[in-house]
Amino acid sequence: MALLNPSLPHTQAFLPLRLSATPSKQTSPLLWTTLSSYPFKPLSRRMKHARCEAVADIKAEPLVEGEGEEEEEDHKVLMGPSSEEERRGERVVADYDWTQEWYPLYLTNNVPDDAPLGLSVFDKQLVLFKDPNGVFHCFEDRCPHRLAKLSEGQLIDGKLECLYHGWQFKGDGKCVKIPQLPADAKIPRSACLKSYEVKESQGVVWVWMSPKTPPNVNKLPWFENFARPGFQDVSTIHELPYDHSILLENLMDPAHIPISHDRTDWTAKREDAQPLHFEVTERTDRGFAGWWGKEQEGSLPNFLRFEAPCVLQNNREMVDKDGQKHYFTGLFLCRPTGQGKSMLIVRFGGTKRSPLAKLFPKWYFHQNACKVFEQDMGFLSSQNEVLLKEKVPTKELYLNLKSSDTWVAEYRKWMDKVGHGMPYHFGHSTISLPKEPAVVEHAPAGLIAGQSASNPAKGGTGTMHAPNLANRYFRHVIHCKGCSTVVKAFEAWKNALSAVAIAFAALSILVSGRQWKTLLLGSAALCSAGAYACSSAIALNTTNFIRTHRRL
């Protein structure tokens, strides 16, 4: 998906957000000479043989004529060491604990008002709900009685009730009702829930994953542009079937947009694929930042910042003909939801919006975003499978190009620094595999929590859908109040128009006047066309994606 914006041209999608110690673009010359001046270590034998189609043996072999020249040519186009420590083969390790971070749980306006919501961060199962005062509460998704998932329960008078035996819990996690207790018995003190601190900020609910360490409010992300006067954004949320590190790697890869998303909007065209220029201006234990641009532009107008644990922003500033500065942002908030799974909140916006974008409803942009992720989904899922199968660092598998893969290499090298503090990771030079195999849930709890009060079976709209991440409905619509409402409305209109069309057609048979027959049949045709349009809109929100290629 990377940097594609369904509502803004690519050239107006990015701007600097929180730029403490932000580099100056005046000191950002094209980095072609900078990168080409790096000294490189020779490629490993494994990397050499990756170029040879029929060579499987990776034992040391004598150099053959021309091999040195091939390596030298490779050094001109492939990424090399980015630091003195890397050139010396030393590993830099940062102090990092994945639990002592804020993770984006959900868009605030999509959290159900009348039902609990089942979520996860890595392998930790959480339940989120909102009390009658609008205050968010988050607990371990486990009833202390018999371990039933509380996200399968319901809210009664602001209390969270387990649907197994009816135990009820207040917002502080204390149990206040056990129907099976005798009248003279007290509720055990141990009948309480493990709680997690949550905060709402700029339209997103965040969770602090350490129940022992007090939350560090200084780590809670704040995005300057979203607080600017006149800033408007289109925000969507998506569930995706691949690891969050692969998702982030894809999002910080602008080079794939012209190919993967050819003609998806007005600007992505495969014939525009070209070399890119990058300049890394900041590296810290918590991420990296820098400028990038297209070779044809001759400048680096876009600013990218990655910040631990999973926040990525692409930003751009533009000055209009009246001298007024406008800010544009592509913000990606990723949440690891388990092995081979992730959740993504996408927010595109700016202080100036195209008048054309105002003509389309929000749900249209949401579905366009779904299409973009679907275009990436197949090969990102297969990439996930290869990493798990090969069980080696990415430098043994990737051929990273200077002209397009700078951010990808930076991200995997950052994982080398902090991966020891994660449940599992795939770094540039290091890996740590999951200690436990992934759990496959045959009846995922809280999958449609927004409808659980009225439809406890959690089967979607009636019985139309079965849980399936290949289906757009389950990747996005069930997590989006706006799109869920739209699907229900189209369903109601389709049924009503179909019924009216049948009635008009029946009346046309009964009446004798030619004019009345014509009028009734014309009305029936119009109603049928309307029902077909509603059916098409429903299909747009519930489709299984099938990739098609534009023929050149």
**Message:** Run V311 and F306 through side-chain contact (heavy atoms from CB on, under 4.5 Å) and show every step you take.
**Reply:** CA-CA 6 Å; V311 173; F306 166 73; over 6 Å; no
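- The distance from the OG atom of S342 to the CG atom of L248 is 8.5 Å, given to the nearest 0.5 Å.
- In this structure, F226 CZ and R347 CZ are separated by 4.5 Å, a value rounded to the nearest 0.5 Å.
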**Request:** Would you check, one step at a time, whether the test ring pair (Phe, Tyr, Trp, His ring centres under 6.0 Å) holds for H479 with H238?
**Result:** CA-CA 8 Å; H479 301 292; H238 306 266; 9.2 Å; no
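- Counting non-hydrogen atoms of neighbouring residues, nucleotides and ligands closer than 6.0 angstrom, the CZ atom of R142 reaches no more than 12 such neighbours.
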**Message:** For a side-chain contact (heavy atoms from CB on, under 4.5 Å) check, start with the C-alpha distance between F360 and N368, then their side-chain angles and the critical distance, and finish with the verdict.
**Reply:** CA-CA 11 Å; F360 296 90; N368 197 61; over 6 Å; no
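- Here SG of C370 is found 5.0 Å from NE2 of H476. Values are rounded to the nearest 0.5 Å.
- Between Y106 and F136, the ring center distance fails the sub-6.0 Å criterion.
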**Prompt:** Between F122 and W98, is a ring pair (Phe, Tyr, Trp, His ring centres under 6.0 Å) present by the stated rule, with each step listed?
**Reply:** CA-CA 10 Å; F122 281 112; W98 75 272; 5.0 Å; yes
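- Considering CG of D123 and OG1 of T337, their distance stands at 11.0 Å, rounded to 0.5 Å.
- Contact check on R475 versus E239 returns no salt bridge, with no Lys/Arg side-chain nitrogen under 4.0 Å from an Asp/Glu carboxylate oxygen.
- Using a 30° and 60° split on the angle between ring planes, W363 and F490 fall in the perpendicular class, above 60°.
- Without hydrogens or angle criteria, R305 side chain to L312 main chain gives no donor-acceptor distance under 3.5 Å.
- Between K481 and D113 a salt bridge is recorded (basic side-chain N to carboxylate O distance below 4.0 Å).
- Within the model, atoms OG of S484 and CD1 of I478 stand 8.0 Å from one another, a figure rounded to the nearest 0.5 Å.
- Between E140 and K124 no salt bridge is recorded (no basic side-chain N to carboxylate O distance below 4.0 Å).
- Under the 3.5 Å distance criterion, the side-chain polar atoms of S535 are left unmatched by any main-chain donor or acceptor of Y532.
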**Prompt:** N216 and Q100: side chain to side chain donor-acceptor pair (under 3.5 Å), yes or no, with the steps?
**Reply:** CA-CA 8 Å; N216 185 344; Q100 297 180 23; over 6 Å; no
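- Around CG of D172, the count of heavy atoms belonging to other residues, nucleotides or ligands within 6.0 Å exceeds 12.
- Considering K194, E152, K149 in turn, K149 is the only one that fulfils the side-chain contact (heavy atoms from CB on, under 4.5 Å) rule with D141.
- Distance check: W407 CH2 to E249 CD gives 14.5 Å after rounding to the nearest 0.5 Å.
- Atom NZ of K170 sits in a sparse spot, with 12 or fewer heavy atoms from other residues, nucleotides or ligands closer than 6.0 Å.
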**Asked** Does the side-chain contact (heavy atoms from CB on, under 4.5 Å) test come out yes or no for K341 and Y242, once each step is laid out?
**Response** CA-CA 5 Å; K341 298 184 294 182; Y242 40 84; over 6 Å; no
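- Ring pair W167/F169 is tilted by interplanar angle, where 30° to 60° counts as tilted.
- A salt bridge (charged side-chain N to carboxylate O under 4.0 Å, His left out) with K219 is found for one member of E307, E101, E197 and no other, namely E101.
- Using a cutoff of 4.0 Å between basic side-chain nitrogens and carboxylate oxygens, E271 and K269 are not scored as salt-bridged.
- With hydrogens and angles disregarded, a donor-acceptor distance shorter than 3.5 Å links the side chain of R335 to the backbone of S120.
- In summary, the aromatic rings of W208 and Y196 are positioned with their centroids too far apart to meet the 6.0 Å limit.
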